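What follows is a short report on a single structure.
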Amino acid sequence: MKKQGDLYYPTPEFKEKALANDESVYEEAARDPVRFWETRAEKLFWFKKWSKAFEHTPPYFKWFVGGKTNITSNVFEKNSLGWEKIRGKPAVVWEPEPLEEKPRTLSYEQLFKETCQFANALKRMGVKKGDRVAIYLPMIPEAVVAMLACARIGAVHLVVFSAFSAQALKSRLEDAEAKVLVTADGYWRRGKIVDLKTSADEGAKGTSVEKIVVVKRTGNKVAWTQGRDAWFEELTRNEKDFCEAEVMDAEDLFFILYTSGSTGKPKGTMHACGGYIVQAFWTAKLIFDLHENDVMWCTSDIGWVTGHTYAVYAPLLNGITSVIFEGVPDFPAPDRWAQIIEKHKASVFYTAPTAIRMFKKFAGDATQKYGFKTLRLIGSVGEPIDEESWLWYFKGVGKEKCPLVDTWWQTETGGILITSLPGVGPFKPSYAGRPFPGVKAVVFDDEGKQCKTNESGNLVLLPPFAPGLLRGIYKNPAKYEETYWSQYGKSVYFTSDGAFIDENGLVRIFGRVDDVLKVAGHRLSTGEMENAIEKLPQISECAVIGLADEIKGQTPVVFAVLKNATAAAVASPASPAAASPADDFKKKIVDQVRKEIGPIASPKEVYFVEDLPKTRSGKIMRRILRKLFTGEELGDLSTLANPESVEKIKQSVGLK
Ligand code: WTA
């Protein structure tokens, strides 16, 4: 990219070969967004064409009404590049964490066969269209196989991040009433084996799960329940390697993906078959400018939506190669990620600001020795990226030649909705960019009036909504209406993000306006953490806030009000030989969060306080707690029921 004034534009060399390189695609979409998506959908394979492209009965909507398709047909036999052309080509390249272990490559044909075998195995277990299958797997090829196998037979997958705790798994299994759970014996993390099967067993206890399928990954010893547990390899070995694709209605439920809810109960976002395919395919094609020989490495775990769409479905729909990596990008050395880019000749690299900040801090110098010659394009997702990190990423990794797409989207949107197209631009550090063609993203003030240029407000989406946008919250229509369609009426999708749009039409996102935290790019809710902590009998109440963190973006901090007896105990001083009772209890709280949610949610700090600032109606004012740390003006405290609590908190946490 080249800088002109404040803005960056693609280089002529990039532009020349780019799939979209002028305003025409934006103009076409603006003239008739429904028609825009419709003509794009026509490029995919459908068993039967739709009768109507978009139907809106607020707050519900449908896309490609009456259309019939299957995503796996579009990945395999009916791939847009042609099956003969892709069958021998690498579909998935897997990099295990241990360096001494060899990577594994699955061609499209091998992936197809394995998918069909597992699809047949699922059928043999009695899994039918519409049944829910939970996938609690690390980043190994079988995770991709399991997702595709579900899609092949119309089973609804719910992927649960493998670093989530047994308890978090359980609540998802219960909500989805999953019939089968696919897991592994373990996986490698920072040189150690993580025992996944034990968490899977614990999570499945007392739920509707009838069968647990276990992939042998690490060979560690696992507990076994005869009749319920089966090895993946044994189940699939003798199955036929072809399975007919289930004919799916465009509006059939494709998958559920849970995000943390505000009260501790996770919300199952529902995605539909037809619209998701169209959006995944086209956003990836145009935003990552995918050409036949691209090798894309999206570093997100499949447990998150980014992994679903841009590590699995979108690259495969586009017939390119997707790199997946079992480990963490900085193990065993801080430049492991750079080695992977070079080793697998990645041409598209898509990661999160947290990772970028970490690379910059710990591998900044080492990065200079890498030429990254194969890279054509780099991307960022998941949280706002600050200007300094943007510039480092652009120079250090993109070598100032690769376009850097900062992509905004959400679990709910299924695919990217805001980012400038790489062959068109413009780009500006820390700005997500322009809405994708056909997407109407605007900023509203609290009254629902459209904000002026550069005026901050709430980011909303207007109809026609992108085809991949969620269709509901599983078994909870009230939550769906309340969360997304109640702030400005039933035809305006509320994103929960604060934003403004500048004079160039570029959207600047500054983060969530609700109780969601982005910790190292992972989406967590403060309510969910509070709920977990309040399960401890010694806690009377608590509040969790997110504070800025140099690497992780945000990090959770807990304010806990203890019940009297415990408060007295933690106030007693430490004996010379042992940690203080206060430290012990802080650890207990941290452990509780790890147990209920997972290590990614570990609070950075726990403060014991006497009281929490509340409104007269009893609402905890987390905003005030946050401001205590950021040094912002606290504002008028007289509306609080207990204004004196603020001064006391300041003292007990040692703030001036
Ligand atoms: C945030 C991840 C700024 C935002 C795909 C959103 C971003 C939430 C960006 C969704 C970005 C995502 N710039 N913020 N480029 N991308 N976000 O569901 O707050 O894990 O609402 O989906 O991440 O997180 P989720």
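No experiment lies behind these values; they were computed from the predicted model shown. Both counts, for ligands and for their atoms, begin at 1 and track the order of listing.
Asn458 and Tyr488 are linked by a side-chain donor-acceptor pair at a separation below 3.5 angstrom, with hydrogens and angles left out of the test. Between Ser165 and Glu596, the side chains place no donor N or O within less than 3.5 Å of an acceptor N or O (distance only, hydrogens not considered). With 3.5 Å as the limit, one finds no donor-acceptor pair spanning the side chains of Tyr493 and Trp485.
By the 4.0 Å heavy-atom criterion, Asp406 is counted among the residues contacting ligand 1. Close to ligand 1: Gly382, with a non-hydrogen atom less than 4.0 angstrom away. Ligand 1 lies within reach of Trp408, whose nearest heavy atom is under 4.0 Å from it.
The aromatic rings of Tyr8 and Trp390 sit tilted relative to each other, their planes meeting at an angle between 30° and 60°.
Nearest to atom 13 (N) of ligand 1 among the protein's heavy atoms is Glu383 O, 3.4 Å. Of the protein's non-hydrogen atoms, Asp497 OD1, 2.6 Å is the one closest to atom 19 (O) of ligand 1. From the protein, the heavy atom lying nearest to atom 20 (O) of ligand 1 is Lys518 NZ, 3.3 Å. Scanning the protein for heavy atoms near atom 10 (C) of ligand 1, the closest one is Trp409 O, 3.6 Å.
Looking at Asp175 and Lys267, no side-chain N of the basic residue comes within less than 4.0 Å of a carboxylate O on the acidic one, giving no salt bridge. A salt bridge does not link Asp549 with Lys518: none of the charged nitrogens is closer than 4.0 Å to a carboxylate oxygen. Between Arg626 and Glu632 there is no salt bridge, since no side-chain nitrogen of the basic residue lies less than 4.0 Å from a carboxylate oxygen of the acidic one.
The backbone and the side chain of Gln410 each have at least one atom closer than 4.0 Å to an atom of ligand 1 (non-hydrogen atoms only). When non-hydrogen atoms are compared, ligand 1 lies under 4.0 Å from neither the backbone nor the side chain of Ala432.
For Arg623, the CZ atom sits in a loose shell: 12 or fewer heavy atoms of surrounding residues, nucleotides or ligands are nearer than 6.0 Å.
Polar contact check, Arg523 against ligand 1: a nitrogen or oxygen pair lies under 3.5 Å apart.
Close approach of ligand 1 to Thr407 is summarised as follows: ligand atoms under 4.0 Å from at least one heavy atom of the residue are 9 (C), 11 (C), 15 (N), 16 (N). Interface of Thr411 with ligand 1, defined as ligand atoms under 4.0 Å from a residue heavy atom, comprises 18 (O), 20 (O), 22 (O), 25 (P). Against a heavy-atom cut-off of under 4.0 Å, Ile509 is close to the following atoms of ligand 1: 3 (C), 14 (N). The ligand atoms of ligand 1 that sit less than 4.0 angstrom from a heavy atom of Thr306 are 5 (C).
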Exercise. Should Arg471 and Glu251 be marked as a salt bridge (Lys or Arg N to Asp or Glu O under 4.0 Å) after you check the CA-CA gap, both sets of side-chain angles, and the distance that decides it?
Worked result: CA-CA 9 Å; Arg471 301 300 199 266; Glu251 284 297 318; 3.0 Å; yes
